[in-house]
Number of protein chains: 2
Amino acid sequence: MNNAGARRRPPTIHDVAREAGVSRGTVSRVLNGGHYVSPPSLEAVNAAIRKTGYVVNRHARSLITGRSDSVGFLLTEPQERFFEDPNFNVLLRGCTQALAAHDIPLLLMLAGTEDERRRIKRFITAGHLDGVLLVTSHSADPVAEELHKAGVPVVQCGKPMRSGSKVSYVAADDRDGARDMVRHLLSLGRRRIGIVTGPLDSPGGVDRLAGYREVLTEAGLAVDERLVVSGDYSRAAGEAGTERLLTQAPDLDAVFVASDLMALGALTALRRAGRRIPEDVAVGGFDDSIAATEATPTLTTIRQPYDRISAEMVRLLLAQLGGEDPAAVILPTELVRREST
Amino acid sequence: MNNAGARRRPPTIHDVAREAGVSRGTVSRVLNGGHYVSPPSLEAVNAAIRKTGYVVNRHARSLITGRSDSVGFLLTEPQERFFEDPNFNVLLRGCTQALAAHDIPLLLMLAGTEDERRRIKRFITAGHLDGVLLVTSHSADPVAEELHKAGVPVVQCGKPMRSGSKVSYVAADDRDGARDMVRHLLSLGRRRIGIVTGPLDSPGGVDRLAGYREVLTEAGLAVDERLVVSGDYSRAAGEAGTERLLTQAPDLDAVFVASDLMALGALTALRRAGRRIPEDVAVGGFDDSIAATEATPTLTTIRQPYDRISAEMVRLLLAQLGGEDPAAVILPTELVRREST
DNA sequence: GAGCAGTGTGTGCACGTTCCCAATCCATCG
DNA sequence: CGATGGATTGGGAACGTGCACACACTGCTC
């Protein structure tokens, strides 16, 4: 007889208690920190756990504690963006690993359509999740606020649009990063610096543009509005935006593109227009995603510390679960110089 | 007073029963299919559910049913590959959505290191998951077999290495796809066709190579071993492999590269060697990933129906959960012609 | 030696659900 | 008219755990 496939009934806390010669209560105490347990009991229980192969039943525990000991990773973004943009993956992996270190499973929730959003919102507010890590690039999204209002701990990636919001978030210092890049371009002697911005309904997009304006003004250069076009971080937008720039200001000698993915599009557009990079036009990106090193030429960019961002998101969420108040973390960026400037 | 953040106690099945004027049992029956419930009761219960906003407590349910009503998506792959290869994302999204349609949450588990593998294996075999969707590109991986032996339903993406295995899997018809591509290259008049294979410890890699050999032999061409090098689906391997090909067989006029990602590397290597694509060397990829359309020139490739693959994986898993036996599904591929040939 | 504080241990209850069995109702049949 | 049986309903028990409480024991103080 082949009985592979027949799952045996897993050992319970009772089995462990019997094996160790103690009561359920003592086993439970060992499982939850080991306070008020004598050394002999502790040892006996641990031995029994090893022997029986006991693993706590999370459902029974959750039923009584009211916690689920799991968190959700919510991505509210059109589906194509998820494939196209490697940054989501980096964040997803970072969060998964940071949580794994705490033995907390991560539930992946993709809310592309309005229908999915509704379903997911109901799932979360039903109390099936202790908290939510939220990733979205158009931060006007009300979902963070809604979940927070419903009493669900949330940490958002990127600054929320509404300034009065009490939602936790982790973001890179967009404005400072933009300043660094534009100063770098100026230091190369470039004076006609264009910009393809991020979405201007998000603080990330707004702040990068603000840094650009600030440095130019500071350098005594008037901001020429023909050098400013807006995009949405996608590759296609980078290409289209750069084409507009070339039309509006054919004399540009540098472009600051607010995401690496858009910068790839910019390279395509510039090459098609016969401009050499970086000789004719220097190109600066933002993110330092995997795309930056794979591009030809490799891309000078502003590095966002994604590994730290995901680690901080998890840290803030766990802190909230521990009763602390929501908080904000701004992380520094760094200029990475490569061939495109 | 601001009491946002105070989660109210959610309504239970008792509340619904009281509201509807029936017993818990009746509510439970409505929740689980509505058999043996009179129309008036059914209506009353549904009204009460709407009124109270009741959502079933999955933990309490799982505790008694022994099911968790959630499945895991397990990726056993070095971490970099997860970022680099867009195909994983496509699969991940496909599975998430197919499961969402059944209201089944997906837990993401990334097993890059040996330590993570152990932790995850313990988690799964502890019964916290009803089943596992497994994605790996080196299918010699014993984890599928192990989980299956432990009684956990598994569906693997890609054919397992061990032929005696009873593990469910979904795969594209690798051999047939390879045949189509090589026939296509032959039809263009190419006669010195190189190949950069996938990992040869996986059926996918082996089968694509087999298809290549088969068509060449069928066409009366001897297989020149200098035209065969092996890779691992990564971009870097594609570049290195193509360089080796150019050294071993400088007269090649086409390359069949066993993944689109490797094909990107091949384009780089060929361009560096001064070969025009497709005039001097035609390049054919495999996958039809997002990379294929973003490459310059765009890539002729063999389309793997990823959307159908993920849908079938979920279907097979749910079938197993319903008591059906493991099964295998092979899906047809399709040649997509673009600029590189 | 009684009282007390602190440590260690066992037990009953509750969490919210499903499952199972018994009870009831009603229509049909002999 | 009683028996039969299917449809419908209610309620007890159980799932495995954490928590509150009661109790036992120790060592110390007065």
Side-chain angles (χ1 to χ4, degrees), chain A residues 7-46 48-49 52-70 103 123 125-130 321, chain B residues 7-46 48-49 52-70 103 123 125-130 321:
Chain A
R7 246 194 258 212
R8 281 193 309 275
R9 169 184 154 284
T12 74
I13 205 173
H14 289 88
D15 301 325
V16 176
R18 189 171 347 104
E19 179 70 31
V22 298
S23 72
R24 291 172 7 241
T26 301
V27 177
S28 177
R29 275 185 288 267
V30 172
L31 258 32
N32 298 294
H35 304 301
Y36 291 94
V37 177
S38 68
S41 296
L42 183 65
E43 181 45 41
V45 169
N46 280 328
I49 289 177
T52 55
Y54 171 78
V55 178
V56 66
N57 182 322
R58 301 174 85 104
H59 299 125
R61 172 181 283 174
S62 294
L63 181 57
I64 184 142
T65 61
R67 290 175 288 117
S68 70
D69 292 316
S70 57
D103 249 305
F123 182 86
T125 51
H128 293 316
L129 250 33
D130 290 348
L321 297 188
Chain B
R7 243 195 261 212
R8 281 192 310 274
R9 169 183 154 285
T12 74
I13 204 173
H14 289 90
D15 301 325
V16 176
R18 187 168 352 101
E19 179 71 31
V22 299
S23 73
R24 293 172 1 248
T26 301
V27 178
S28 177
R29 277 185 287 268
V30 171
L31 258 31
N32 298 294
H35 304 302
Y36 291 99
V37 176
S38 67
S41 298
L42 182 67
E43 182 44 42
V45 169
N46 280 329
I49 289 177
T52 56
Y54 170 78
V55 178
V56 67
N57 181 322
R58 300 173 86 101
H59 299 126
R61 172 181 284 173
S62 294
L63 181 56
I64 182 132
T65 60
R67 290 174 289 117
S68 69
D69 291 317
S70 57
D103 249 303
F123 182 86
T125 51
H128 293 316
L129 250 34
D130 290 348
L321 297 187

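Residue numbers begin at 1 in each chain, while the letters A, B, ... track the order of the sequences.
- Rounded to an integer number of Å, the gap from CG of A/Asn57 to C1' of C/dG16 is 14 Å.
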Next on the checklist: Determine whether A/Arg18 and A/Thr52 satisfy the following criterion, side chain to side chain contact (heavy atoms under 4.5 Å, CB included), listing intermediate values before the conclusion.
Outcome noted: CA-CA 11 Å; A/Arg18 189 171 347 104; A/Thr52 55; over 6 Å; no
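- Counting only residues at least two apart or in different chains, salt bridge (charged side-chain N to carboxylate O under 4.0 Å, His left out) contacts with residues 32-44 of chain A comprise A/Glu43-A/Arg50.
- For the pair B/Arg61 CZ and C/dC15 C1', the interatomic distance rounds to 16 Å; values are reported in whole Å.
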Output one line per pair: protein atom, nucleotide atom from nucleotides 6-8 of chain C, and distance, for all N/O pairs under 3.5 Å.
none

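- As judged by a 4.0 angstrom heavy-atom cut-off over every strand, B/His59 is placed among residues making no nucleic acid contact.
- Extent of DNA chain D lying under 4.0 Å from chain B heavy atoms, first and last nucleotide in 5' to 3' order, is D/dA7 to D/dG16.
- For the helix from C/dG1-D/dC30 to C/dG30-D/dC1, the rotation axes defined at the first and last 5 base pairs enclose an angle of 60°, given to the nearest 10°.
- Near DNA chain D, meaning a heavy atom under 4.0 Å from it, residues 16-33 of chain A has A/Arg24, A/Ser28, A/Asn32 in order of number.
- If you measure from atom CD1 of B/Ile64 to atom C1' of C/dG16, you get 10 Å, rounded to the nearest angstrom.
- The shortest non-hydrogen separation linking A/Val37 to A/Arg29 is CG2-CB, 3.7 Å.
- With sequence neighbours left out, the side chain to side chain contact (heavy atoms under 4.5 Å, CB included) criterion links A/Ile13 to A/Arg24, A/Val27, A/Ser28, A/Leu31, A/Tyr54.
- B/Arg58 places a side-chain N or O within 3.5 Å of a backbone atom of B/Asp69 that can act as its donor or acceptor partner.
- Note: NE2 (A/His14) to P (C/dT11) measures 11 Å, nearest angstrom.
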